[in-house]
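Have a look at the structure below before the remarks.
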Amino acid sequence: MEEVLLEERFMEEAIAEARKALELMEVPVGAVIVRDGKIVGRGHNLTETTKDPTAHAEIIAIREAAKTLGGWRLIGCRMYVTTEPCSMCAGAIVLSRIPHLFIGTMNPKAGACGSLYNIVSDSRLNHRVQVTTGVLEDTCSQMMQDFFQRLKAAREDK
């Protein structure tokens, strides 16, 4: 029971990051990286704001965690992300050696952690990631649905 509460607490932090992206009209994805119960990296999507296709929440959080911890191997860390990572981010998670990934909602159109691809569990790679899905899924899913409905309505108004 205590572990579930901890997972939800850190997913709430990722949701707070996603809301920052939402305020910028970015796709609302947020991520936090935790080590020894402390957040060492956080990020939210900034691709539109920065005009950088690699400015995904997960990449930003990984960069911050690596800087905080003083190395690129994020051994002993856990990542919490509101939406299933894409192939680029899944690859970065594997390369940074994050052992455990917690996902809010899956992404059947572009997810690479079990939906469309499963990069994080590919036995041909030198590292595999334990994945837990469905953490605060309703909240994470609703945020994405609301965003894309709002985006569609804005396009129709033009």
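For S141 (side chain) and E137 (main-chain N/O), no donor-acceptor pair under 3.5 Å exists by modelled atom type. The backbone N or O of A55 lies less than 3.5 Å from no partner atom in the side chain of T47, so there is not a single donor-acceptor pair. Remark: the backbone N or O of T49 is paired with a side-chain donor or acceptor of E26 at under 3.5 angstrom. Under the 3.5 Å distance criterion, the side-chain polar atoms of E84 are left unmatched by any main-chain donor or acceptor of I103.
Note: the hydrophobic cluster containing M88 does not contain V120 (ILVMFWY, side chain heavy atoms under 4.5 Å, direct or indirect links). The hydrophobic clustering, which links ILVMFWY residues whose side-chain heavy atoms are closer than 4.5 Å, places F147 and L24 apart. Each of M79 and I60 belongs to its own hydrophobic cluster when Ile, Leu, Val, Met, Phe, Trp and Tyr are linked at side-chain heavy-atom distances under 4.5 angstrom. Hydrophobic clustering, with ILVMFWY side chains joined whenever heavy atoms are under 4.5 angstrom apart, keeps I62 apart from L46.
The residue from R42, K38, R19 that alone fulfils the salt bridge (charged side-chain N to carboxylate O under 4.0 Å, His left out) condition with E13 is R42.
Contact between I59 and C89 at its shortest, heavy atoms only, is CG1-SG, 3.9 Å. The minimum heavy-atom distance between M144 and V27, with the atom names listed, is CE-CG1, 3.7 Å.
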Derivation and outcome, side chain to side chain donor-acceptor pair (under 3.5 Å), residues D138 and Q142 = CA-CA 6 Å; D138 291 343; Q142 192 64 55; over 6 Å; no
Apply the test side chain to side chain contact (heavy atoms under 4.5 Å, CB included) to residues T54 and R63: give CA-CA distance (whole Å), side-chain angles for both, the deciding distance (0.1 Å), then the verdict.
-> CA-CA 11 Å; T54 68; R63 286 177 180 154; 3.9 Å; yes
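Looking only at side-chain heavy atoms (C-beta outward), V34 and Y80 come within less than 4.5 Å of each other.
Between E23 and K20 no salt bridge is recorded (no basic side-chain N to carboxylate O distance below 4.0 Å).
The line from NE2 of H56 to CG of N45 is 6.0 Å long, rounded to the nearest 0.5 Å. Distance check: L95 CG to H127 NE2 gives 9.5 Å after rounding to the nearest 0.5 Å.
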